Amino acid sequence: MSRLVYVLNGPNLNLLGKRQPHIYGHVTLADVEAECRKLAGELKLDLRFHQSNREYEIIDWIHAAREEAGGIVINPAAFTHTSVAILDALNTFEAPVVEVHISNVHKREAFRHHSYVSLRADGVIAGFGTQGYTLALRRVARLIDEKAA
Ligand code: CA2
């Protein structure tokens, strides 16, 4: 089982820490990547960390992950609630998938309560702020270790 994990981020997350701090906090996506890379070192994981505002790029990264990755952590952002195409791509990926949301989507507008991605995700983390990413990485590492045992 590969110890390479893809961490994928959807639209507008490049603005993390720069706008709407009352919802998403002050931590930037670069800070999140640095925290993930630090933890990945401890967990002996390799990381590919990406963000895109384009649905097709996220789909292409999921296809790339099929070839080489042992897990995916994904915050699809608004595509969570709209994208059958990302769900279809994730359904072709056989290793663990953990869905992350920085905010507690269930405390927000009704349209954020439904996730296409949750139909595939092995677990979902929401409302833990950017800490959710490292929690998700720990879970993926555990699932990889369990499969290898
Ligand atoms: O809570 C999350 O992580 C979300 O996936 C974030 C998405 C939202 O559409 C989902 O319902 C929940 C929005 C990402 C936008 O990120 C921004 C960050 C800072 C400033 C503006 C947007």
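This one's a predicted model, so the numbers in the text were calculated from it and none came from an experiment.
- For D31 (side chain) and T28 (main-chain N/O), a donor-acceptor pair under 3.5 Å exists by modelled atom type.
- Side chains of V98 and I74 form no contact here, defined as non-hydrogen atoms less than 4.5 Å apart.
- The distance from atom CG of N12 to atom CZ of R19, rounded to the nearest 0.5 Å, is 11.0 Å.
- Taking the centre of each ring, Y116 and H114 come in below the 6.0 Å mark.
- For the residue pair F79 and R54, the shortest heavy atom distance occurs at CE1-C, 4.1 Å.
- N75 is listed as a side-chain neighbour of L13, based on a closest heavy-atom distance under 4.5 Å.
- Remark: the backbone N or O of T80 is not paired with any side-chain donor or acceptor of S83 at under 3.5 angstrom.
- Closest approach of R108 and Y24 over heavy atoms only: NH1-OH, 3.0 Å.
- The existence of a salt bridge linking E109 and R112 is confirmed by a sub-4.0 Å separation between a basic side-chain nitrogen and an acidic carboxylate oxygen.
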How far apart are the C-alpha atoms of R138 and L43, what are their side-chain angles, what is the distance that settles it, and do they pass the side-chain contact (heavy atoms from CB on, under 4.5 Å) test? CA-CA 8 Å; R138 285 188 188 280; L43 298 174; 4.3 Å; yes
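- Atom NZ of K18 is separated from atom CG of L29 by 8.5 Å, given to the nearest 0.5 angstrom.
- In this structure the side chain of I144 reaches within 4.5 angstrom of the side chain of L45, judged on heavy atoms.
- No side-chain donor-acceptor contact under 3.5 Å links T130 and E35.
- Between P96 and G70, the shortest heavy-atom distance links the atoms CD-O, 3.2 Å.
- Atoms CD1 and CD1, on I62 and I58 in that order, are 7.5 Å from each other to the nearest 0.5 Å.
- Side-chain N or O atoms of S2 include one that pairs as donor or acceptor with a backbone N or O of E68 at under 3.5 Å.
- Both F49 and L137 are assigned to one and the same hydrophobic cluster, defined by single-linkage of ILVMFWY side chains at heavy-atom distances under 4.5 Å.
- Judged by distance alone, the side chain of R66 and the main-chain N or O of T92 form a donor-acceptor pair under 3.5 Å.
- Using a 30° and 60° split on the angle between ring planes, H81 and H101 fall in the parallel class, below 30°.
- In terms of hydrophobic clustering, with Ile, Leu, Val, Met, Phe, Trp and Tyr side chains grouped at heavy-atom distances under 4.5 Å, L135 and V27 are assigned to a common cluster.
- Below 30°, between 30° and 60°, or above 60°: for H50 and Y6 the angle between ring planes is between 30° and 60°, a tilted geometry.
- Closest heavy-atom contact between I59 and A85: CD1-CB, 3.6 Å.
- Taking both residues in full, the closest heavy atoms of I125 and A136 are given as CD1-N, 3.5 Å, listed atom of the first, atom of the second, then distance.
- Between the side chain of D122 and the backbone N or O of V97, at least one donor-acceptor pair lies under 3.5 Å.
- Between L47 and V7, the closest side-chain pair of non-hydrogen atoms falls below 4.5 Å.
- For F128, the CZ atom counts as loosely surrounded, since its 6.0 Å shell holds 12 or fewer non-hydrogen atoms of other residues, nucleotides or ligands.
- Scanning both residues, L90 and R120, for their nearest heavy atoms gives O-NE, 3.2 Å.
- Linking ILVMFWY side-chain heavy atoms closer than 4.5 Å, directly or via other members, places W61 and L4 in a single hydrophobic cluster.
- Proximity of L8 to E57: side-chain heavy atoms (C-beta onward) are nowhere separated by under 4.5 Å.
- Y133 and I23 end up in the same hydrophobic cluster when Ile, Leu, Val, Met, Phe, Trp and Tyr side chains are linked at under 4.5 Å.
- Summarising the geometry, atom NE2 belonging to H106 is positioned 7.0 Å from atom NE2 belonging to H113; distances are rounded to the nearest 0.5 Å.
- Under the 3.5 Å distance criterion, the side-chain polar atoms of E99 are left unmatched by any main-chain donor or acceptor of V124.
- With respect to R3 and D145, a salt bridge is recorded, a charged nitrogen being found less than 4.0 Å from a carboxylate O.
- Note on V100: it does not cluster hydrophobically with V105, by side-chain heavy-atom contacts below 4.5 Å among ILVMFWY residues.
- Side chains of N53 and E55: no donor on one and acceptor on the other come within 3.5 Å.
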